[in-house]
Amino acid sequence: MVVKVYGPAFASPKRVLACLIEKEIEFEVVPVDLLKGEHKDPEFLKLQPLGTVPVTQDGDYVLYESRAIMRYYSEKYKSQGTDLLGETIEERGQVENWLEVEAHNFNPPVLNLTLHVMFSSKLGFPRDENLIKESEEKLGKVLDIYEERLSKCKYLAGDFFSLADLSHLPFTQYLVGPIGKEYMISSRKHVSAWWNDISSRPSWQKVLLLYPPPF
């Protein structure tokens, strides 16, 4: 059964796409245009009652949180493609630890920057300069912690690429591109080397080539 991935143009679904490519899992994409409100369509809400993307549909099995989706397919196909979870329970613990850091410390400020720098005019709400400044400060403190961590190991969970790194790809791509804050990465030696490494992976380059952003 081919996995269907809904909303490939947007950031969070791109996490899932990169994961599926790394795991060599066959998939097809179903466009959902959030800017046109297609995520509020009654048929879509039957799949995803919260009205967000991504959604994956694997036969009758449906998931709709990007990190849960990545964990599921990385576990289900652990022996196939790139091992994104680590080989030992200790490595898995580090993967889960840094995935939580990404979700709760990195993602909130970078999401604020994304919404207020990239999407405010398109979604019809005012750009909040104070929130932008505050979010940049918060993100900078998180990246300082990453700099320290990455001075000791090549990737966040250790010396192996994992979901902890992959999960950063979509919004960091926004940060260094359309948000215009590439210096937040390049000014930190170890973070910069890490970003250059993970963003050059063939899986991510394929995602960027096939599924451009919605603007």
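Closest heavy-atom contact between G7 and P13: O-CG, 3.0 Å. Closest heavy-atom contact between E87 and D83: CG-OD2, 4.0 Å. Across all their heavy atoms, P54 and I69 have their closest contact at CG-CD1, 4.0 Å. The shortest heavy-atom contact between L63 and A68 is CD1-O, 4.5 Å. Pairing each heavy atom of Y64 with each of V55, the nearest pair is CB-CG2, 4.0 Å.
Checking each of W98, W194, W195, Y155 against H168 for a ring-ring contact (aromatic ring centres under 6.0 Å, His included) leaves exactly one that passes, namely W194.
Atom NZ of residue K181 and atom OH of residue Y183 lie 3.5 Å apart, to the nearest 0.5 angstrom. Atom NZ of residue K154 and atom CD1 of residue I198 lie 11.5 Å apart, to the nearest 0.5 angstrom. For the atom pair F106 CZ and L175 CG, the distance stands at 6.5 Å (nearest 0.5 Å). Atom CD of residue Q173 and atom CG of residue L208 lie 4.5 Å apart, to the nearest 0.5 angstrom. To the nearest 0.5 Å, the span separating CD on E43 from CD on Q48 amounts to 14.5 Å. Between F161 atom CZ and L156 atom CG the span is 10.0 Å, to the nearest 0.5 Å.
Under the 4.5 Å side-chain heavy-atom criterion for grouping Ile, Leu, Val, Met, Phe, Trp and Tyr, L45 is not connected to V5 through any hydrophobic cluster. Under the 4.5 Å side-chain heavy-atom criterion for ILVMFWY residues, no single connected hydrophobic cluster contains both I89 and L85. A single hydrophobic cluster is not seen to contain both V207 and V2; linkage of ILVMFWY side chains at heavy-atom distances under 4.5 Å, directly or through other members, places them apart. No chain of hydrophobic side-chain contacts below 4.5 Å, direct or via other Ile, Leu, Val, Met, Phe, Trp or Tyr residues, connects M184 to L131. Cluster annotation: F171 and L123 are assigned to the same hydrophobic cluster (Ile/Leu/Val/Met/Phe/Trp/Tyr, side-chain heavy-atom contacts under 4.5 Å, transitive).
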R92/E96 under salt bridge (Lys or Arg N to Asp or Glu O under 4.0 Å): CA gap, chis, key distance, verdict: CA-CA 6 Å; R92 177 66 180 269; E96 295 293 344; 2.9 Å; yes
List the steps, then state whether salt bridge (Lys or Arg N to Asp or Glu O under 4.0 Å) holds for E65 with R71. CA-CA 10 Å; E65 287 293 336; R71 288 177 170 109; over 6 Å; no
List the steps and the verdict of side-chain contact (heavy atoms from CB on, under 4.5 Å) for L143 and I185. CA-CA 8 Å; L143 290 174; I185 301 298; 4.3 Å; yes
Set out, in order, the CA-CA distance, both residues' side-chain angles and the distance that settles salt bridge (Lys or Arg N to Asp or Glu O under 4.0 Å) for E136 and K133, then state yes or no. CA-CA 5 Å; E136 183 172 345; K133 181 181 179 181; over 6 Å; no
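Around atom CD of E129, more than 12 heavy atoms belonging to other residues, nucleotides or ligands sit under 6.0 Å away. The number of heavy atoms from other shown groups lying within 6.0 Å of NZ (K206) does not exceed 12.
Contact check for F44 versus E38: no side-chain heavy atoms found under the 4.5 Å cut-off. Contact check for T56 versus Y72: no side-chain heavy atoms found under the 4.5 Å cut-off. Two residues are said to be in side-chain contact when any heavy atoms from C-beta on lie closer than 4.5 Å; Y174 and V117 fail this criterion.
Counting only distance, with no hydrogens or angles, the side chain of N97 and the backbone of G93 share no donor-acceptor pair below 3.5 Å. Between the side chain of D165 and the backbone N or O of S162, at least one donor-acceptor pair lies under 3.5 Å. Checking side-chain atoms of K14 against main-chain N and O of P8 turns up a donor-acceptor pair under 3.5 Å. Not a single donor-acceptor pair under 3.5 Å links the side chain of T172 to the backbone N or O of L169. Judged by distance alone, with hydrogens and angles left aside, the side-chain atoms of S135 form no donor-acceptor pair with the main-chain N or O of I132 at under 3.5 Å.
Using the six-membered ring where Trp is involved, F125 and H116 have ring planes that are perpendicular, over 60° apart on the 30 and 60° scheme.
Partners of E147 under the side chain to side chain contact (heavy atoms under 4.5 Å, CB included) rule, at least two apart in sequence or in another chain, are R188, K189, H190, V191.
Remark: aromatic rings of F10 and H39 are distant, center separation not under 6.0 Å.
A salt bridge links E134 with K138; the closest basic N to acidic carboxylate O contact falls under 4.0 Å.
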Without placing hydrogens or testing angles, list every side-chain donor-acceptor pair under 3.5 Å for residues 15-25, not counting sequence neighbours.
from	atom 1	to	atom 2	distance (Å)
R15	NE	S167	O	2.8
R15	NE	S167	OG	2.9
R15	NH1	S12	OG	3.2
R15	NH1	S66	OG	3.1
R15	NH2	E102	OE2	3.0
R15	NH2	N107	OD1	3.2
E22	OE1	T82	OG1	2.7
E22	OE1	R201	NH2	3.1
E22	OE2	R201	NE	2.7
E22	OE2	R201	NH2	3.3
E22	OE2	S203	OG	2.7
K23	NZ	Y77	O	2.9
K23	NZ	K78	O	3.3
K23	NZ	Q80	O	2.7
K23	NZ	T82	O	2.8

